[in-house]
Protein chains: 2
Amino acid sequence: MVKDMDIPDIVIRRLPIYARSLSYLASEGVTTVSSSELGSRIGVTAAQIRRDLSYFGEFGKQGKGYNVQFLLNQIRDILHLEQQWGVALVGIGHLGKAIVHYGGFKDKGFEIVALFDSDPSKIGSELDGHKVYHYSEIPQVVKEMGLEVAIVAVPARSAQEVVDLLVEADIKAILNYAPITVQVPPDVRTRNIDPVGALQSMTYYLDPEKNMTYRINNGRAF
Amino acid sequence: MVKDMDIPDIVIRRLPIYARSLSYLASEGVTTVSSSELGSRIGVTAAQIRRDLSYFGEFGKQGKGYNVQFLLNQIRDILHLEQQWGVALVGIGHLGKAIVHYGGFKDKGFEIVALFDSDPSKIGSELDGHKVYHYSEIPQVVKEMGLEVAIVAVPARSAQEVVDLLVEADIKAILNYAPITVQVPPDVRTRNIDPVGALQSMTYYLDPEKNMTYRINNGRAF
DNA sequence: ATATGTGAATTCATTCACAGCT
DNA sequence: AGCTGTGAATGAATTCACATAT
């Protein structure tokens with residue numbers, strides 16, 4: 001294991017991908033996997049997987065590979081995924097509602113347990129069994145519940161205001177769906193979900209001429 | 001400008017963020033911005049912005065900074081954002097429907113113009129003015145329309161199959177919402193939207209003890 | 001006075017390659 | 001024979017720092 005030093009964030013970001021692939025392997029009944037097998041499944045080199053894992057311990061067996069379930073458990077442990085995390089969701093418009101009704105978070109250890117919005121007509125109503133509070137109640141309610149994780153699904157213009165309230169509420173991890181870079185103190189983590197940015201960074205590589213048929217029809221033929 | 005060489009993908013991925021911030025500045029009526037002002041808005045260093053831009057040209061004025069609208073236009077041009085891109089969407093379950101009804105893509109130059117699903121009860125129906133085709137028709141329909149961009153919003157188990165069909169249809173950019181790493185040839189780009197992975201990579205930094213209140217109540221008190 | 005664009009320096013990340021273990 | 005874990009080497013990305021322009 002490399003030191004006790006702090007581990008590069010880029011390594012931490014890959015661990016969920018390793019975990020995901022390992023859990024698929026486990027569900028297929030595979031018991032052992034080598035770094036090269038795992039690597040080819042997720043498009044990274046064997047050396048990178050070994051290096052990444054070496055930050056945390058020696059999880060493999062020479063000549064053999066890694067025990068799938070054991071390695072999965074280790075990674076889940078490293079990432080603190082062995083517990084259910086309560087999550088505050090701010091913004092219950094179209095996107096926020098889609099997030100609430102999406103089952104995928106709860107399965108994976110993230111349960112939305114507090115809802116906030118600014119629309120007076122929504123305050124006090126219930127959604128998915130949870131009362132909706134006003135933004136202004138974020139600090140009190142979130143602190144009371146001891147939450148550390150939040151999801152922001154508000155328009156760009158409200159996002160920084162909401163993030164400031166979450167920071168005041170001692171939230172330390174924010175998943176941000178708003179199309180804006182929010183400012184947080186150094187002890188707060190954020191990750192952005194930015195599908196438009198992802199698309200825009202791919203069109204760089206595309207041939208604008210190829211997009212012809214669509215342009216000729218000006219979007220109305222289909 | 002640094003050579004004519006190929007530009008690091010990590011630079012390309014930052015351009016949409018610069019563009020986004022510039023368009024907010026433009027809408028605020030700001031006409032000029034320095035690399036350090038722009039950098040502090042989006043949390044990167046001034047040097048990085050200058051270095052990134054230098055791959056493409058000399059867009060600034062010494063002593064002055066960058067003209068906001070001019071720089072925005074340049075970046076939009078680099079990223080091929082001056083045209084509307086037709087997009088194929090595969091999977092019209094909960095997530096796919098949310099994507100269709102989300103207006104944010106069209107505004108930003110990505111218009112969903114072809115829909116595909118595998119559910120026989122959906123084939124032939126209409127959604128948002130577009131006919132729903134079966135997966136098997138992806139190659140023919142997508143080629144006919146000359147599309148280069150696709151969004152995958154199907155379950156993990158179908159994602160690779162769908163991606164193979166998109167590749168056969170000459171799609172070169174895939175935005176993947178399925179929780180799986182898909183395999184594509186080197187001339188096809190993919191970006192993954194992985195909110196669960198993003199959350200899981202943040203809990204690494206959190207204090208599992210803090211999450212106490214929520215655990216004590218076992219998620220049922222709220 | 002202020003801010004760019006970029007060589008040079010530095011830091012960070014990945015890959016090589018192999019000793020050592022099963 | 002096969003695969004890990006890791007020093008050493010390489011490669012990539014970021015930052016420094018300054019000549020140059022306004």
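Nearest to the side-chain atoms of A:Ser54 among the listed nucleotides D:dG5, C:dG5, D:dT14 stands D:dG5. Picking from D:dC16, C:dT14, D:dT6 the nucleotide with the shortest atom distance to the side chain of A:Ile10 gives C:dT14.
Residue contacts shown for A:Leu53 are absent, as no nucleic acid heavy atom lies under 4.0 Å away. Residue B:Ser35 is in sugar-phosphate contact alone, with no base atom involved, counting any heavy-atom pair closer than 4.0 Å across all strands shown.
Remark: the A:Thr181 side chain and the B:Arg41 side chain contain no N/O donor-acceptor pair separated by less than 3.5 Å. Residues B:Asp187 and A:Tyr205 have side chains that never bring a donor and an acceptor to within less than 3.5 angstrom of each other. If you check the side chains of B:Asn192 and B:Tyr177, you find no donor sitting under 3.5 Å from an acceptor. Between the side chains of A:Asp52 and A:Gln48, no donor-acceptor pair is found at a separation under 3.5 Å. B:Gln69 and B:Asn73 share a side-chain donor-acceptor pair at under 3.5 Å.
Residue A:Arg13 has no polar side-chain atom (N or O) positioned under 4.0 Å from OP1 or OP2 of C:dA13. For A:Thr45, no side-chain nitrogen or oxygen approaches OP1 or OP2 of C:dT14 to under 4.0 Å. At the phosphate of C:dG5, OP1 or OP2 sits under 4.0 Å from a side-chain N or O atom of B:Tyr66.
Remark: A:Phe70 pairs with no residue by the ring pair (Phe, Tyr, Trp, His ring centres under 6.0 Å) rule, at least two apart or across chains.
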Seminar exercise, completed: 5' to 3', nucleotides 17-22 of chain D under a 4.0 Å protein heavy-atom cut-off (B base, S sugar-phosphate only, - none) gives B--BBS
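Within residues 19-29 of chain B, no residue has a heavy atom under 4.0 Å from DNA chain C.
Here the CG-CG distance, from A:Asn67 to A:Leu22, works out to 10.0 Å after rounding to the nearest 0.5 Å.
Of the possible polar contacts, one joining the A:Trp85 side chain to the A:His80 backbone as a donor-acceptor pair under 3.5 Å is found.
A salt bridge between B:Asp9 and B:Arg191 is present, with a side-chain N of the basic residue lying under 4.0 Å from a carboxylate O of the acidic one.
Following rounding to the nearest Å, B:Gln48 (CD) and C:dT10 (C1') show an atom-to-atom distance of 15 Å.
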